[in-house]
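Whatever order the structure lists ligands and atoms in, that order sets their numbers, starting from 1. The chain is numbered in sequence order, starting from 1.
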Amino acid sequence: MKNRRIKLAPSILSADFSRLGEQVAEVTKAGADYIHVDVMDGHFVPNITIGAPVVASLHSWTALPLDVHLMIERPEAHISQFAEAGANIITVHVEAATHLHRLVEAIKGLGVKAGVALNPATPLSSLDEVLPLLDLILVMTVNPGFGGQAFIGSMMDKIARLRRILDGRQAKVELEVDGGITAGIAPKVAEAGAEVLVAGAAIFGSKQSAGKALQEMRRALGLVS
Ligand code: DX5
Ligand code: ZN
């Protein structure tokens, strides 16, 4: 893992929304690094989830960076709302962007870190021209739209290839993975070169409390003894 500091980003998609604030506070206390917020519009993906007001409300419960993953069509029409709501990272899908370069510049112009997500079928080469502008690349390890799906095994090689590209270019871009991450898979994706691990069902859908599940994942990664 080459001394890379692994970060954990619990996804609130699988949280109990009737007590969202408490659940976010719980994973914050248990050592989360980011809070991952999945925004779905019922068009780019089949489900509808939450919007900017929910992002704004999370600040009363955590001081952690809010990592907002937009699974929406026409992201350019909504990024300013999420920036105003206090998103620290805004990630858009390359498949939803007609003018990706302009969109990334616009996110950065709002004073927010810019991420780009790739669906499992989208090649790494689609980011070649914008890579120097990015703060984060999100490799989807499931097809987006639902929590609790199984990790697509062939994505392990995609993560490793992206790691080689980033290291080769000495790029300061965080490599985030999202989908099907469990305490069992987490060390393997970290070994392949991921540094930010999103986990929804494994944290908030676990039989144990979200805080305990997060600590178990941190232990599996060797972050605590
Ligand atoms: C899926 C979302 C994920 C989701 C991950 O479309 O982008 O962030 O919450 O959930 P798990 O960890 O349950 O696969
Ligand atoms: Zn996500």
May I have every N or O pair linking ligand 1 to the protein at under 3.5 Å, one per line with atom names and distance?
from     : atom 1 : to     : atom 2 : distance (Å)
ligand 1 : 6 (O)  : Gly145 : N      : 2.8
ligand 1 : 7 (O)  : Asp38  : OD1    : 3.0
ligand 1 : 7 (O)  : His69  : ND1    : 3.2
ligand 1 : 7 (O)  : Asp178 : OD2    : 2.9
ligand 1 : 8 (O)  : His36  : NE2    : 3.4
ligand 1 : 8 (O)  : Asp38  : OD1    : 3.0
ligand 1 : 8 (O)  : Asp38  : OD2    : 2.8
ligand 1 : 8 (O)  : Asp178 : OD1    : 2.7
ligand 1 : 8 (O)  : Asp178 : OD2    : 2.9
ligand 1 : 9 (O)  : Ser11  : OG     : 2.7
ligand 1 : 9 (O)  : Asp38  : OD2    : 3.0
ligand 1 : 12 (O) : Gly200 : N      : 2.8
ligand 1 : 13 (O) : Gly148 : N      : 2.7
ligand 1 : 13 (O) : Ala201 : N      : 2.9
ligand 1 : 14 (O) : Gly180 : N      : 2.8

How many protein N, O or S atoms are found at a distance of less than 2.8 Å from the Zn ion (ligand 2)?
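Protein heteroatoms (N, O, S) closer than 2.8 Å to the Zn ion (ligand 2) number 4.
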Side-chain heavy atoms of [X] within contact of [Y], under 4.5 Å:
| X | Y | answer |
| --- | --- | --- |
| Leu66 | Ile89 | no |
| Ile72 | Met40 | no |
| Phe82 | Val37 | no |

Between [X] and [Y], does any side-chain N to carboxylate O distance fall below 4.0 Å?
| X | Y | answer |
| --- | --- | --- |
| Arg163 | Glu195 | yes |
| Arg19 | Glu22 | yes |
| Lys113 | Glu174 | no |

Item to complete: Sequence neighbours left out, what passes side chain to side chain contact (heavy atoms under 4.5 Å, CB included) with Lys158? Give chain and number order.
Response: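 Only Leu118, Leu124, Val139, Met155, Arg161 meet the side chain to side chain contact (heavy atoms under 4.5 Å, CB included) criterion with Lys158.
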Between Asp33 (side chain) and Ala9 (backbone), is there a donor-acceptor pair under 3.5 Å?
no
With sequence neighbours left out, the residues meeting ring pair (Phe, Tyr, Trp, His ring centres under 6.0 Å) with Phe146 are none
